[in-house]
Amino acid sequence: GSNYFEVGLIYRNLGDYEHAWDSFIKSSRLSEEIGNLKTLIYSQGQLANILAVQGNFEGAINILKGSIKIWGQFSDPAEHNMRHTTLHTLGQTYIRNGQFDKAIDVLSESLQLKRIVKERFDATLRTRALLAEAYINLGRFDEAQENIIEADVESCVKMGSYLYAASAFKTLSQMHFIQ
């Protein structure tokens with residue numbers, strides 16, 4: 001299952017979503033058979049990402065909701081709290097589907113869990129930027145500004161996390177433009 005997952009990532013990065021889909025399906029099936037829940041969850045997350053890229057947000061949301069239930073099977077709190085990854089992806093999908101209130105709920109939960117597990121600053125900023133984007137789309141600029149400030153984005157640049165910084169700068173510019 002893990003090998004098919006890695007192959008799926010390669011196909012996804014090449015833009016070959018058909019082969020990526022097949023690899024993630026195989027990974028999911030094999031991972032479920034042997035009880036490798038993390039690989040199962042991450043494979044499902046990639047399947048959801050492919051559906052979202054194709055505009056099938058409801059399908060992606062359904063897969064991610066199922067993955068959150070699987071996270072509940074972990075008895076170790078440290079592993080159970082890693083569901084922040086799936087919550088982040090679900091929040092992002094809700095935003096892309098225009099469901100901003102739902103995005104706020106799951107992204108807020110993701111951030112709470114990221115604090116508990118002491119997630120990296122740049123990965124946390126990425127979720128905060130999404131949360132700010134959801135607030136912006138609802139016209140709640142004060143709450144958006146509580147989640148993203150320019151100094152944090154500049155810190156992200158200094159640590160070399162350019163992709164996450166670019167995403168956060170996009171959200172900041174969107175907020176300033178709308179205001």
Side-chain angles (χ1 to χ4, degrees), residues 9 12-13 38 41-53 55-72 74 76-179:
L9 291 177
R12 184 209 61 197
N13 291 343
K38 284 186 183 176
I41 291 167
Y42 293 136
S43 295
Q44 289 177 342
Q46 291 302 319
L47 290 168
N49 284 334
I50 290 171
L51 288 176
V53 165
N56 183 350
F57 300 115
E58 288 303 317
I61 288 166
N62 289 334
I63 288 174
L64 294 167
K65 285 180 176 180
S67 294
I68 290 171
K69 290 178 184 174
I70 296 170
W71 280 113
F74 289 97
D76 180 3
E79 289 181 326
H80 183 71
N81 289 338
M82 291 302 293
R83 73 185 182 282
H84 71 78
T85 58
T86 303
L87 290 166
H88 171 94
T89 305
L90 180 58
Q92 183 177 37
T93 306
Y94 278 139
I95 288 172
R96 292 179 68 194
N97 199 35
Q99 297 172 285
F100 305 113
D101 287 322
K102 289 183 178 183
I104 289 169
D105 291 341
V106 296
L107 291 170
S108 296
E109 184 179 352
S110 177
L111 281 175
Q112 288 173 349
L113 293 171
K114 285 183 177 202
R115 285 185 203 103
I116 292 169
V117 301
K118 296 180 172 58
E119 181 65 65
R120 291 186 344 254
F121 174 79
D122 58 340
T124 301
L125 179 63
R126 183 175 175 221
T127 303
R128 288 176 34 217
L130 282 174
L131 184 56
E133 185 178 340
Y135 281 125
I136 290 166
N137 279 287
L138 293 172
R140 296 164 58 180
F141 299 109
D142 290 342
E143 291 160 296
Q145 288 176 328
E146 290 172 10
N147 284 284
I148 189 165
I149 57 171
E150 193 166 341
D152 287 345
V153 182
E154 290 172 2
S155 294
C156 199
V157 169
K158 288 178 185 172
M159 64 189 292
S161 188
Y162 302 115
L163 182 62
Y164 292 171
S167 174
F169 271 129
K170 176 188 157 278
T171 302
L172 270 175
S173 65
Q174 180 185 24
M175 180 171 56
H176 293 305
F177 177 79
I178 293 171
Q179 284 179 315

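- Taking each heavy atom of N147 and A132 in turn, the nearest pair found is CB-CB, 4.2 Å.
- With values rounded to the nearest 0.5 angstrom, L87 atom CG is found 6.5 Å from L113 atom CG.
- Listed here is the closest heavy atom pair of S155 and F121: CB-CE2, 4.0 Å.
- In plain terms, the two heavy atoms of A165 and C156 that are nearest each other are N-SG, 3.9 Å.
- T86 approaches L64 most closely through the heavy-atom pair CG2-O, 3.6 Å.
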**OP:** Would you please test M82 and H80 for side-chain contact (heavy atoms from CB on, under 4.5 Å) and show each step?
**Re:** CA-CA 5 Å; M82 291 302 293; H80 183 71; over 6 Å; no
Would you mind writing out the side-chain donor-acceptor pairs for residues 134-144 within the sub-3.5 Å range, not counting sequence neighbours?
from	atom 1	to	atom 2	distance (Å)
N137	ND2	E133	O	2.8
R140	NE	E143	OE1	2.7
R140	NH2	E143	OE1	3.4
R140	NH2	E143	OE2	2.9

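- Interatomic distance, N81 CG to K118 NZ, rounded to the nearest 0.5 Å: 11.0 Å.
- Rounding to the nearest 0.5 Å places CD1 of I68 at 12.5 Å from CD1 of I63.
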May I have the list of side-chain donor-acceptor pairs in residues 166-179 shorter than 3.5 Å, sequence neighbours left out?
from	atom 1	to	atom 2	distance (Å)
T171	OG1	S167	O	3.3
S173	OG	F169	O	3.3
S173	OG	K170	O	2.8

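- With sequence neighbours left out, the salt bridge (charged side-chain N to carboxylate O under 4.0 Å, His left out) criterion links R115 to no other residue.
- Side-chain contact between F74 and K38: present, with at least one pair of heavy atoms (C-beta onward) separated by less than 4.5 Å.
- Qualifying salt bridge (charged side-chain N to carboxylate O under 4.0 Å, His left out) partners for E146, counting only residues two or more places apart in sequence or in other chains: none.
- Contact record, Q92 with L130: CB-CD1, 3.8 Å, taken as the closest heavy-atom pair.
- Rounding to the nearest 0.5 angstrom, the gap separating the CG atom in L131 from the CG atom in L125 is 11.5 Å.
- The distance from atom CZ of R126 to atom OG of S161, rounded to the nearest 0.5 Å, is 9.0 Å.
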**OP:** Might you work through the side-chain contact (heavy atoms from CB on, under 4.5 Å) test for N62 and L51, ending with a clear yes or no?
**Re:** CA-CA 11 Å; N62 289 334; L51 288 176; over 6 Å; no
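- Remark: I116 CD1 to L111 CG distance equals 11.5 Å, nearest 0.5 Å.
- Between T85 and Y42 there is a side-chain heavy-atom pair separated by less than 4.5 Å.
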Indicate every side-chain donor-acceptor pair of residues 95-106 with a distance under 3.5 Å to a residue at least two apart or in another chain.
from	atom 1	to	atom 2	distance (Å)
R96	NH2	A52	O	3.4
N97	ND2	E58	OE2	3.0
N97	ND2	Q99	OE1	2.8

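- Under the side chain to side chain donor-acceptor pair (under 3.5 Å) criterion, D152 pairs with R128, sequence neighbours left out.
- A donor-acceptor contact under 3.5 angstrom links the side chains of T127 and H88, judged on distance only.
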